[in-house]
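Here's the structure, in structure tokens; my notes come after.
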Amino acid sequence: MLTRLPPLLRTLPLCLALAAPAASPAAATGEAYSARDIERQIIGKRIYLAAPLGGEFPLNYRRSGVVDGSGEALGLGRFIQPTDTGKWWIRGNRLCQQFTTWYKGAPMCFELYRTGDRTLKWIRDNGQTGTARIGGEI
């Protein structure tokens with residue numbers, strides 16, 4: 001059962017990089033994404049979240065307002081539901097999302113910061129952080 005797993009394994013469903021320490025926006029490196037930047041550079045693309053134990057976790061931000069992801073390549077099916085679908089929206093200069101099952105369907109928002117031409121750092125509204133790579137069009 002999921003409740004018998006260690007706390008880290010119970011939080012793997014969506015953002016595997018959440019094991020990173022909390023940081024304030026001031027600690028983020030790079031320029032912050034604006035709502036317009038998110039629309040132009042994230043939406044319609046596959047975003048690969050860095051996993052703390054190696055590998056990447058892909059999320060697809062579809063122009064229709066749907067976000068979906070799969071942890072099957074990382075072997076997450078042993079621990080959690082490996083795929084899920086939800087919705088995304090932009091609030092202010094933050095990218096928000098809500099999945100059907102992952103995180104019990106709770107909405108969450110992220111500030112995004114450029115760290116390279118196709119890389120970024122994210123800071124979730126609860127202070128958790130991680131990194132990601134921007135993939136191609138979907």
Considering non-hydrogen atoms only, spot the tightest contact between [X] and [Y] and give its length.
X    : Y    : result
G135 : Y48  : CA-CE1, 3.8 Å
I90  : E39  : CD1-OE1, 3.6 Å
K45  : E137 : CE-OE2, 3.3 Å
Y33  : Q41  : CE2-OE1, 3.5 Å
W122 : A132 : CD1-CB, 4.4 Å
I138 : R62  : CD1-CG, 3.6 Å

Could you go through the side-chain contact (heavy atoms from CB on, under 4.5 Å) check for T119 and I134 one step at a time?
-> CA-CA 6 Å; T119 58; I134 302 169; over 6 Å; no
Answer yes or no: is there a donor N or O on one side and an acceptor on the other, between the side chain of [X] and the main chain of [Y], under 3.5 Å?
X    : Y    : result
D125 : M108 : no
N60  : V67  : no
R133 : R118 : no
Q98  : G105 : yes
D84  : F99  : no
T100 : T85  : yes

What is the distance from atom [atom1] of [X] to atom [atom2] of [Y], rounded to the nearest 0.5 Å?
X    : Y    : atom1 : atom2 : answer
E111 : N93  : CD    : CG    : 9.0 Å
L59  : Q97  : CG    : CD    : 6.0 Å
I42  : L112 : CD1   : CG    : 5.5 Å
C109 : N126 : SG    : CG    : 11.0 Å
I47  : L120 : CD1   : CG    : 6.5 Å
L95  : W88  : CG    : CH2   : 7.5 Å

How about F110 and R94: do any of their side-chain heavy atoms sit closer than 4.5 Å?
->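 A side-chain contact is absent here, since even the closest heavy-atom pair is not under 4.5 Å.
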